[in-house]
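Data block below; observations after.
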Amino acid sequence: MTGADNRVQLVRDATFVLLAADGDISGTRGTTPDGLFSYDARHLSRWQLTVAGTALSTLVPAETADDHTSTCVLTPQGTRDNPPAFTVFRQQSLSAGAFTEHVRLVNNRPEPVTAHLELTVDADFADLFELRSDDRHYPKPDATRESRTTDGGVLFDYRRDDWHARTTLTCHPAPDSVEPAENADVPTGRTLRWRLPLAAHGQAELHVSAQAHPHGRTPHTLVPSHPTHVTSEASDDLDRACERGLADIDLLTIPATGVDGEEVHVPAAGIPWFLTLFGRDSLLTSYFLLPFRPATAAATLSALAATQGSRYDPYSGEQPGRIVHETRHGELAHFRQVPYGRYYGAVDATPLFLVLLHAHYEATGDRTLAQRLEKHARQAVDWMLTDGGLETHGYLVYEPDPGGLVNQNWKDSEGAVCFADGTQAEGRIAVSEAQGYAYDALLRTATLAQSVWEDEAYARRLRESAARLRDRFRTDFWMPHADFPALALDGAGRQVDALASDAGHLLWSGILDADHARRVGRRLVAPDFFSGWAIRTLAAGQQPYHPLSYHRGSAWPHDNAVIALGMARYGLAEELATVTEGLVAAAAHHGHRLPEVIAGYDRSATGKPVPYPHSCSPQAWAAATPLALRTARGSL
């Protein structure tokens with residue numbers, strides 16, 4: 001995968017590497033840090049190829065032959081009258097925790113030459129949270145880094161208390177010398193040197209492999225999932241987007257531990273920041289995939305049941321029955337310097353867990369999973385009714401987490417849940433879409449209780465709770481002056497009156513009556529909401545609207561996918577066709593891959609969708625969006 005900045009990203013087996021156009025790694029930080037990453041740590045922070053101490057010129061920049069191999073062509077410095085003596089063909093590939101460099105040098109001259117090749121390497125073992133653009137710094141008392149020469153290369157070692165991570169380099173042929181790197185920020189950098197003789201018009205080869213050894217983990221090759229083909233032949237842009245989406249889901253598939261200790265394979269959220277199990281993201285992705293890959297839903301539900309909250313921990317937000325928002329395996333999470341080892345700051349993951357559990361039973365007719373996870377489902381319902389707020393506050397609510405997420409719905413950036421004047425809602429917040437999820441979860445779980453668990457009394461209780469929620473919602477959330485639902489209720493019970501795309505999720509969940517649902521669906525394709533590519537997160541023209549804001553004016557494919565499924569539910573065929581055409585056209589401009597987010601600029605103003613600068617790609621629920629569009633279209 002080649003990005004807009006000509007960097008190359010390779011992904012495979014829960015590992016990814018980000019490279020410059022010449023195949024080098026320089027240890028950048030910020031929005032797109034480069035390096036080799038495994039389990040939330042950077043295992044290579046420098047990987048720079050030079051000849052006789054000078055940088056190489058790029059003849060052909062790195063490009064991917066597939067999603068885990070790239071090639072580029074380089075040469076030493078030369079002139080028209082004294083062209084380079086040899087050419088460097090560089091092939092780089094990725095496998096489970098391993099990055100491999102294959103260098104082939106071809107002599108361009110009719111006489112023998114010797115190539116003086118150097119590779120400067122380092123591993124800083126930085127945690128992903130250290131590399132973010134907010135430039136936070138975390139103390140690491142008594143941490144030690146070292147490197148030492150081995151028979152076949154170099155070993156980089158990092159230790160801190162009980163934490164131990166390594167990166168090993170193996171070279172064929174072995175380097176002629178290994179020396180401390182010049183201009184290294186820390187003394188662990190090493191420069192490996194080779195003298196490679198090239199016969200007249202001959203060639204030589206060099207293989208170097210870097211293997212990550214994360215703390216407590218052994219990267220391994222995942223069993224290929226044999227992607228399900230949506231059609232026998234991709235005949236239109238939606239077919240192609242579906243095929244690309246399924247391939248991207250394979251790239252993002254990672255191992256996790258299931259509820260009975262088994263290994264399961266689940267969709268991670270996205271690259272570069274979120275190659276890990278997420279609650280909301282993995283659940284919605286699995287729901288979109290359900291008609292095509294029901295096993296993904298079963299794996300996700302098992303992994304999330306295994307991490308379901310069992311105690312009270314204010315630091316991580318854990319509460320009994322609550323479904324996890326995010327899991328992390330890095331050093332900072334291990335030492336609880338960030339709360340994300342298992343972070344529960346999501347108001348919506350728990351009802352979505354229940355929605356997917358019933359949807360899996362409905363799609364497959366298989367009672368086994370619903371029976372296996374009955375205890376977990378009941379605990380999830382208990383959380384919604386108690387700590388989640390349904391019985392005490394009337395709605396699912398959250399309070400801002402000063403150490404984690406200010407907002408705990410899918411629009412979880414600061415300021416995303418706002419009034420029409422741009423003011424962030426405060427206090428105990430009830431966001432609209434989470435109430436729809438809760439309503440749907442109660443009804444679906446009631447069906448499981450009656451049909452699978454044979455508990456009619458429990459089913460009746462849940463249906464009654466859902467009916468009361470629906471009645472309250474219609475009274476408290478509908479804004480007659482706007483003829484539209486409020487984005488949320490704040491801690492004082494005031495309607496948070498920004499016009500936002502969250503209203504479209506209410507069609508999917510069914511909490512609105514048919515008349516109100518159709519009015520919302522039609523409103524969402526009006527020009528202030530619909531950019532021509534997708535429905536914006538906030539309608540244009542409002543004070544807080546910004547087309548390049550993460551949640552206040554950009555457009556998210558997965559958000560539109562949920563809305564599309566809701567439109568299909570209420571027979572809004574014309575509106576569904578509008579949304580589908582825009583998203584499919586946007587995907588076609590990205591090689592049929594939908595990015596996580598696109599800017600909110602109008603389609604009439606640009607010939608193609610404007611990228612959101614910090615978008616993850618590939619990203620799981622965006623990858624699954626074309627499958628949801630196909631399902632929605634097929635259900636009319």
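If you're wondering where the values come from, they're calculated on a predicted model, not measured in any experiment.
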Report task. Decide yes or no for Q619 and D281: does some side-chain heavy atom of the first lie under 4.5 Å from some side-chain heavy atom of the second? Result -> yes
Query raised in the report: Would you say the side chains of S286 and T296 form a donor-acceptor pair under 3.5 Å?
Result: no
Query raised in the report: Can you tell if the side chain of L405 reaches within under 4.5 Å of the side chain of Y398, non-hydrogen atoms only?
Result: no
Requested in this report: Check for a donor-acceptor pair, side chain of Q9 on one end and backbone N or O of S617 on the other, with a separation under 3.5 Å.
Outcome: yes
Query raised in the report: Parallel, tilted or perpendicular for H558 and W556, by the 30°/60° rule?
Result: perpendicular
Query raised in the report: Counting N and O atoms only, with roles assigned by atom type, does the side chain of T307 sit under 3.5 Å from a partner on the main chain of L304, one being a donor and the other an acceptor?
Result: yes
Query raised in the report: For residues Y550 and E596, is any side-chain donor paired with an opposing acceptor at under 3.5 Å?
Result: yes
Query raised in the report: Roughly how far apart are T580 OG1 and L629 CG, rounded to 0.5 Å?
Result: 4.5 Å
Query raised in the report: To the nearest 0.5 Å, how far apart are CD in E433 and OG in S509?
Result: 9.5 Å
Query raised in the report: Side chains of Y439 and P351: does their closest heavy-atom pair fall under 4.5 Å?
Result: no
Query raised in the report: Just by modelled atom types, is the G422 backbone N or O under 3.5 Å from a matching donor or acceptor in the R552 side chain?
Result: yes
Query raised in the report: Quick one: CG on L442 to OH on Y437, what's the gap to the nearest 0.5 Å?
Result: 15.0 Å
Report summary line: Heavy-atom closest pair (I535 atom, M567 atom, distance to 0.1 Å) is CD1-CE, 4.3 Å
Query - Partner set under side-chain hydrogen bond (donor to acceptor under 3.5 Å, both in side chains) for Y287, not counting sequence neighbours - result: W508
Report task. Measure from the side-chain N and O atoms of R444 to the backbone N and O of L354, and report whether any donor-acceptor pair falls under 3.5 Å. Result -> no
Requested in this report: Please examine the side chains of P547 and S554, heavy atoms only from C-beta on, and report whether any two atoms are closer than 4.5 Å.
Outcome: no
Query raised in the report: Does the side chain of R244 come under 3.5 Å of the side chain of H592 through a donor N or O and an acceptor N or O?
Result: no
Report task. Would you check if the side chain of R523 reaches a backbone N or O of F484 as a donor-acceptor pair within less than 3.5 Å? Result -> no
Report summary line: Rounded to the nearest 0.5 angstrom, the OG1-CG distance for T445 and L357 is 7.0 Å
Query - Flag, side chain of R280 to backbone of A346, donor-acceptor distance under 3.5 Å - result: no
Query raised in the report: Is the side chain of H393 donor-acceptor paired with the backbone N or O of Y395 at a distance under 3.5 Å, no angle test?
Result: no
Query raised in the report: Going through the checks in order, is the side-chain contact (heavy atoms from CB on, under 4.5 Å) test met by Y361 and L369?
Result: CA-CA 8 Å; Y361 166 67; L369 186 66; over 6 Å; no
Query raised in the report: Can you check whether P609's main-chain N or O pairs, donor with acceptor, with T606's side chain at less than 3.5 Å?
Result: no
Query raised in the report: Are the side chains of I249 and L289 in touch, meaning some heavy atoms are under 4.5 Å apart?
Result: yes
Query - Non-hydrogen atoms of L507 and G521 that approach each other most closely - result: CD2-CA, 4.0 Å
**Report entry** Within-4.5 Å side-chain heavy-atom neighbours: E426 and D490
**Finding:** no
Requested in this report: Check whether the side chains of D559 and H505 place a donor and an acceptor atom closer than 3.5 Å, and report yes or no.
Outcome: yes
Report summary line: Nearest heavy-atom contact between A568 and A632 is CB-O, 3.5 Å
Requested in this report: Could you go through the side chain to side chain donor-acceptor pair (under 3.5 Å) check for D528 and Q542 one step at a time?
Outcome: CA-CA 9 Å; D528 58 343; Q542 301 177 95; over 6 Å; no
**Report entry** From T625 atom OG1 to R630 atom CZ, the distance as rounded to the nearest 0.5 Å
**Finding:** 14.0 Å
Query raised in the report: Can you name the nearest heavy-atom pair linking A517 to L572, along with the distance?
Result: O-CD1, 4.4 Å
Query - Minimum side-chain heavy-atom gap Q319-Y344 below 4.5 Å - result: no
Report summary line: The reported gap from CZ in R293 to OG1 in T285 (rounded to nearest 0.5 angstrom) is 12.0 Å
Query - Qualifying residues under side-chain hydrogen bond (donor to acceptor under 3.5 Å, both in side chains), relative to E575, sequence neighbours excluded - result: none
**Report entry** Donor-acceptor contact present, side-chain T300 to main-chain A297, <3.5 Å
**Finding:** no
